[in-house]
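Have a look at the structure below before the remarks.
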There are 2 protein chains.
Amino acid sequence: MKWDKLDEEPCSLSRTVAVVGDRWTLLILRESFLRVRRFEAFQSSLQITRHLLSERLKKLVRFGILRRVPYSEAPKRYEYILTQKGLDLYPIIMAMVHWGDTHMGDERGRPLLHEHKTCGKQFDPVMVCSECGEPLHAKQVHVHAGPGQRELAG
Amino acid sequence: MKWDKLDEEPCSLSRTVAVVGDRWTLLILRESFLRVRRFEAFQSSLQITRHLLSERLKKLVRFGILRRVPYSEAPKRYEYILTQKGLDLYPIIMAMVHWGDTHMGDERGRPLLHEHKTCGKQFDPVMVCSECGEPLHAKQVHVHAGPGQRELAG
DNA sequence: TTTGACAGTTCTATTTTAGAACTATAGCCT
DNA sequence: AGGCTATAGTTCTAAAATAGAACTGTCAAA
């Protein structure tokens, strides 16, 4: 598989995997959502090698998920801030956190709790249907080809 | 980073990444949700190498996401079916598909459309707060340490 | 003028993945 | 019986990605 062309596949999952489908990228994004913005901060909190961090940040900027914003003129220094496209990854991150909470927990309980400022309560993320508002389950969903389909899956 | 210990990190995202955080695993799961079950079917629809497919399937079985179920006694043959733990990954997959639809689309339109059997309509997945039902946005969420936290993130 | 902070880049050894061929079991056909 | 086919893997080597550590360049502060 030529991973550098995965973002051109006629499959929205593949295209998303092309961007966030490696181990470090998701962890970097987690840090971004926790307000980490600077190279050194990412590096020390993740223990990622500097080389790979540099590469991943470039890739995220290239895909328009992070913006490289100067915060010091001399010496020129930059920080990495989520764009709207990046902020829109939030449901993915939250879905993963919730699955981890549910299925990969240990006896110590959840590492993080989430509070919804809007209602003031501690919550879990729930995925619902945009039309009827009911929670979604795989078996209640029927898939059919859209206009961008090239071939039918197996 | 020792990726084989990522599932013991005090972070639910890391634990989830330990399971689904590589490029092939998510594509394999997509096929599973599309009802693909057999080795040959995964292999031919994904063009993954047989070696890696074998490894990934084993890993998914080990983590309890797929079950290896015999469908022929002689010769012994097995197929791979999502467990409840696996089915619970659906929101992650759907969140990724939706992000891809929104941000990585091309002029041809969506590759797949989703119909909610319950209400009969074509829908998008929306992530909402379990407590108030409002759609979630990163900036409206406050994070604080839970009982399983070991150290504060940067 | 030296030290330290920050944001990277460069280098080599190790690990992972790709790509192809090979193995094993059993049914089916002649 | 002998050979062909289907399915589900395993094994092998070359190529690519990652880890780990050291190095570079810029500027501020002491």
Side-chain angles (χ1 to χ4, degrees), chain A residues 1-7 9 14 17-29 31-32 35-63 66-81 154, chain B residues 1-7 9 14 17-29 31-32 35-63 66-81 154:
Chain A
M1 161 87 58
K2 342 79 207 143
W3 293 113
D4 50 335
K5 282 178 190 160
L6 193 59
D7 58 327
E9 289 278 301
S14 297
V17 168
V19 183
V20 302
D22 73 286
R23 297 178 281 207
W24 282 121
T25 299
L26 281 163
L27 299 177
I28 290 170
L29 288 168
E31 297 300 305
S32 289
R35 274 82 174 170
V36 171
R37 303 176 157 199
R38 300 191 182 173
F39 192 94
E40 296 295 320
F42 284 110
Q43 202 278 320
S44 71
S45 86
L46 292 172
Q47 296 297 99
I48 183 177
T49 63
R50 307 177 73 77
H51 178 64
L52 224 23
L53 176 58
S54 171
E55 272 213 345
R56 290 294 184 272
L57 290 173
K58 269 182 207 151
K59 178 180 166 186
L60 288 167
V61 169
R62 184 156 35 82
F63 276 115
L66 296 177
R67 220 165 356 123
R68 191 158 175 269
V69 180
Y71 72 90
S72 149
E73 282 307 318
K76 268 278 190 192
R77 297 207 188 296
Y78 300 89
E79 54 189 8
Y80 297 88
I81 300 187
Chain B
M1 160 89 59
K2 341 79 204 142
W3 293 113
D4 51 334
K5 282 178 190 161
L6 193 60
D7 58 326
E9 288 279 299
S14 297
V17 168
V19 181
V20 302
D22 74 286
R23 298 178 281 207
W24 282 121
T25 299
L26 281 163
L27 298 177
I28 289 171
L29 288 168
E31 297 301 304
S32 288
R35 274 81 174 171
V36 171
R37 301 177 158 200
R38 297 189 184 174
F39 191 93
E40 295 296 319
F42 284 110
Q43 202 279 321
S44 71
S45 86
L46 292 173
Q47 297 296 99
I48 183 178
T49 63
R50 307 177 73 76
H51 179 64
L52 225 22
L53 175 58
S54 171
E55 272 213 345
R56 290 293 184 273
L57 290 173
K58 268 182 206 152
K59 179 179 165 185
L60 288 167
V61 169
R62 184 154 36 82
F63 275 115
L66 296 176
R67 220 165 357 122
R68 192 162 173 266
V69 180
Y71 73 89
S72 150
E73 282 306 319
K76 267 280 189 191
R77 297 209 188 295
Y78 300 89
E79 55 189 7
Y80 296 87
I81 301 186

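A, B, ... follow the sequence lines: proteins, then strands. Residue 1 opens every chain.
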Expressed in angstrom and rounded to an integer, what is the separation of [X] atom [atom1] from [N] atom [atom2]?
X       : N      : atom1 : atom2 : result
A/Asp22 : D/dA19 : CG    : C1'   : 15 Å
A/Ile48 : D/dA17 : CD1   : C1'   : 13 Å
A/Lys2  : D/dA15 : NZ    : P     : 18 Å

Below 3.5 Å, can you tabulate the donor-acceptor pairs from side chains in residues 55-62 of chain A to any protein atom, sequence neighbours excluded?
unit_1, atom_1, unit_2, atom_2, d
A/Arg56, NE, A/Asp22, OD2, 2.7
A/Arg56, NH2, A/Asp22, OD2, 3.1
A/Lys59, NZ, A/Ala18, O, 3.2

- [ ] Determine, step by step, whether A/Ile28 and A/Leu53 satisfy the side-chain contact (heavy atoms from CB on, under 4.5 Å) criterion, reporting the C-alpha distance in whole Å, the side-chain angles of both residues, the deciding distance to 0.1 Å, and the verdict.
- [x] CA-CA 8 Å; A/Ile28 290 170; A/Leu53 176 58; 3.9 Å; yes
TODO: Decide whether B/Arg38 and B/Tyr80 meet the rule of one side-chain donor and one side-chain acceptor closer than 3.5 Å.
DONE: no
Task: Minimum side-chain heavy-atom gap A/Ile48-A/Leu27 below 4.5 Å - done: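 No, side chains not in contact.
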Task: Closest non-hydrogen atom pair between A/Phe42 and A/Ser32, with its separation - done: CZ-OG, 3.6 Å
Open item on the list: Under the rule for side chain to side chain donor-acceptor pair (under 3.5 Å), what residues qualify as partners of A/Arg67, not counting sequence neighbours?
Closed with: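 Testing A/Arg67 for side chain to side chain donor-acceptor pair (under 3.5 Å), a comparison that skips the adjacent residues, returns none.
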Task: Results of side chain to side chain donor-acceptor pair (under 3.5 Å) for B/Lys5 - residues two or more places apart only - done: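 Listed in chain order: nothing, the list is empty.
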Protein and nucleotides 6-10 of chain D: nitrogen or oxygen contacts under 3.5 angstrom:
unit_1, atom_1, unit_2, atom_2, d
D/dT7, O3', B/Tyr71, OH, 2.9
D/dT7, O2, B/Arg77, NH1, 2.9
D/dT7, O2, B/Arg77, NH2, 3.0
D/dA8, OP1, B/Tyr71, OH, 2.8
D/dA8, OP1, B/Tyr78, O, 3.3
D/dA8, OP2, B/Glu40, N, 3.3
D/dA8, N7, B/Glu40, OE2, 3.0
D/dA8, N7, B/Arg50, NH2, 3.0
D/dG9, OP1, B/Arg68, NH2, 2.9
D/dG9, OP2, B/Tyr80, OH, 2.7
D/dG9, N7, B/Arg50, NE, 2.9
D/dG9, N7, B/Arg50, NH2, 2.9
D/dG9, O6, B/Arg50, NE, 2.9
D/dT10, OP2, B/Ser54, OG, 2.7
D/dT10, OP2, B/Lys58, NZ, 3.3

Task: Contact interval (first through last nucleotide) of DNA chain C with protein chain A, 4.0 Å heavy-atom - done: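 Extent of the interface on DNA chain C: C/dA5 to C/dG19.
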Open item on the list: B/Gln47: which residues meet the side-chain contact (heavy atoms from CB on, under 4.5 Å) condition with it, sequence neighbours left out?
Closed with: none
